Amino acid sequence: MTHRIKVAGLQPVQVLAGLAGIAFIVFGVVGFTRTGIGDWAAQSFVLGFSVNPLHNLVMVAVGVLGLLTALGSGLARMYGWLLFAGFAALFVWDLMITGILAQNPAERFGNPLAVNVNDNWLHLGISLFGLLLAVMPARRKLIEDEEPVLPEPRSEAFRDERDGSPRVEQMDPAVSPSAVTEPIPAGRRHDEPITQQQAAVDPQTERMSKDKIKH
């Protein structure tokens with residue numbers, strides 16, 4: 001009996017990716033209710049986090065991506081790596097924008113997402129959550145495969161009957177082929193003596209012993 005390992009149905013990483021996608025969408029939609037969508041320079045706060053329309057749009061897009069990648073365990077792990085890389089880079093940029101780091105090489109871009117210090121730690125937490133999704137092990141199960149049942153070999157007689165092929169019997173080499181193929185004349189037994197007249201007209205008797213001829 002053979003064994004194989006298979007991924008067991010819905011994976012926890014898929015569930016977490018789907019829940020994260022819903023959370024991002026809800027956060028973005030609530031942000032839009034605060035900032036609106038007409039003025040992209042508008043800024044507001046949701047639970048102490050600074051948001052603007054662009055920030056809200058990014059959150060909704062990340063949430064939709066999470067729902068799509070939750071359809072497969074491999075896609076969900078890839079989503080985790082994207083969260084980890086994207087929000088880790090955003091966290092470093094946040095530190096430069098908010099002045100925690102001395103130099104800001106992206107200063108000329110300003111603060112397009114309207115981030116504050118609270119957003120810094122939120123983005124760090126999202127990055128670590130993405131790393132958790134990326135390295136989460138798959139839940140697997142062991143499957144036992146039954147041994148295949150082989151058909152029993154058929155006998156020669158059975159196979160000939162099923163196939164309809166004629167059977168060839170092994171002939172005794174001591175028996176002359178002509179004795180098998182040539183019929184015995186009607187009215188005479190196989191061992192009955194014959195006369196010289198019969199021997200003259202019956203070619204078969206030419207191959208028979210002379211002691212069978214009646215004188």
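As the structure is a computational prediction, the values presented were derived from the model and not from experiment. Index from 1, following the sequence.
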Mind listing the side-chain donor-acceptor pairs of residues 16-25 below 3.5 Å, one per line with the distance, residues two or more places apart or on another chain?
none

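- A distance of 6.0 Å separates CG of Leu90 from CG of Leu113, quoted to the nearest 0.5 Å.
- Looking at heavy atoms from C-beta onward, Leu132 lies out of side-chain contact with Leu128 at the 4.5 angstrom threshold.
- The environment of CD1 in Ile37 is sparse: at most 12 heavy-atom neighbours from other residues, nucleotides or ligands sit within 6.0 Å.
- Take Asn116 and apply the side-chain hydrogen bond (donor to acceptor under 3.5 Å, both in side chains) test, not counting sequence neighbours, and it matches no residue.
- Residues Val30 and Thr33 form a side-chain contact, since some pair of their non-hydrogen atoms from C-beta on lies under 4.5 Å apart.
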Side chain to side chain contact (heavy atoms under 4.5 Å, CB included) evaluation trace for Tyr79 with Val62: CA-CA 9 Å; Tyr79 178 65; Val62 172; 3.5 Å; yes
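- To the nearest 0.5 angstrom, Phe32 atom CZ is 5.0 Å from Leu57 atom CG.
- Taking CZ from Phe49 and CG from Leu122, the interatomic distance works out to 4.5 Å, rounded to the nearest 0.5 Å.
- Ser50 pairs by the side-chain hydrogen bond (donor to acceptor under 3.5 Å, both in side chains) definition with Gln43, not counting sequence neighbours.
- Using a 4.5 Å heavy-atom cutoff, the side chains of Leu68 and Leu75 are not in contact.
- Under the 4.5 angstrom side-chain criterion for Ile, Leu, Val, Met, Phe, Trp and Tyr, the cluster partners of Trp81 are Phe84, Leu131, Val135.
- Gln11 CD to Arg77 CZ: the interatomic distance, rounded to the nearest 0.5 Å, is 6.0 Å.
- Residues meeting the ring pair (Phe, Tyr, Trp, His ring centres under 6.0 Å) test with His123, sequence neighbours left out: His55, Phe87.
- When side chains are defined from C-beta on, Phe91 counts as touching Asn120, because their heavy atoms get closer than 4.5 Å.
- By the side-chain hydrogen bond (donor to acceptor under 3.5 Å, both in side chains) test, Ser127 is found to be paired with no residue, residues two or more places apart in sequence or in another chain being considered.
- Of the possible donor and acceptor atoms, none in the side chain of Asn56 sits under 3.5 Å from a partner among the backbone N and O of Val51.
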